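Only one structure is covered here, and it is reproduced in the block below.
This is a predicted model, so every value here is computed, not measured.
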Amino acid sequence: MITLPNVDTSMIANNLTPYEPTHPGSLIREELEERKMTQAKLAEQIGVSLSLLNEVVNGKRNINTELALLLEAALGISAHIWLDLQSDYNLQVAKSDVSFMRKLANIRNIAAVL
């Protein structure tokens, strides 16, 4: 690895994390807008309640495997993409939790001694 003098490595593009993580529900919203489709129509098409879909679209509920497969069937966007987006979001949220990051640091310190 090459080290550059006087470079803040946290400012290198590969090390940047978004200020606010993007929940995959916002991408569902954009996809629906692009297709001129309502949440109600998609919910009906995939057989879930409107309230469940609305909670996902508004970032209040996560996309699970079953929902990812339903979205894939209805929208033609791979379930893997939806699950990867959800996983990335979850990681970003966890990494922005200062208390949790302190806990991780403590565990790493203990593990380094072993």
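Taking each heavy atom of Val93 and Pro21 in turn, the nearest pair found is CG2-CG, 4.0 Å.
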Hey, can you pull the donor-acceptor pairs under 3.5 Å for the side chains in residues 65-74, sequence neighbours left out?
{"unit_1": "Glu72", "atom_1": "OE2", "unit_2": "Ala79", "atom_2": "N", "d": "3.0"}

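A distance-only check finds no donor-acceptor pair linking the side chain of Asn62 to the backbone of Asn64 [under 3.5 Å].
In terms of hydrophobic clustering, with Ile, Leu, Val, Met, Phe, Trp and Tyr side chains grouped at heavy-atom distances under 4.5 Å, Ile46 and Met37 are assigned to a common cluster. Side-chain heavy atoms closer than 4.5 Å link hydrophobic residues (I, L, V, M, F, W, Y) into clusters, and following such links, even through other members, never connects Tyr89 to Ile81. Under the 4.5 Å side-chain contact rule for hydrophobic residues, Leu83 and Leu27 do not share a cluster.
The structure places NE2 of His23 at 10.5 Å from CZ of Arg61, a figure rounded to the nearest 0.5 Å. The CH2 atom of Trp82 lies 6.0 Å from the CG atom of Leu75; values are rounded to the nearest 0.5 Å. Taking CD1 of Ile28 as the reference point, atom CD1 of Ile63 lies at 4.0 Å (rounded to 0.5 Å).
In this structure, a donor-acceptor pair under 3.5 Å is absent between the side chains of Gln92 and Asp88.
Residue pairs meeting the side-chain hydrogen bond (donor to acceptor under 3.5 Å, both in side chains) criterion with at least one partner in residues 35-44, sequence neighbours excluded, are Glu31-Arg35, Gln39-Asn54.
Through direct or indirect side-chain contacts shorter than 4.5 Å among Ile, Leu, Val, Met, Phe, Trp and Tyr, Phe100 is connected to Met101, Leu104.
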Would Leu32 and Arg29 count as a side chain to side chain contact (heavy atoms under 4.5 Å, CB included) if you check the C-alpha gap in whole Å, the side-chain angles of each, and the deciding distance to 0.1 Å?
-> CA-CA 5 Å; Leu32 291 175; Arg29 176 185 290 111; 5.8 Å; no
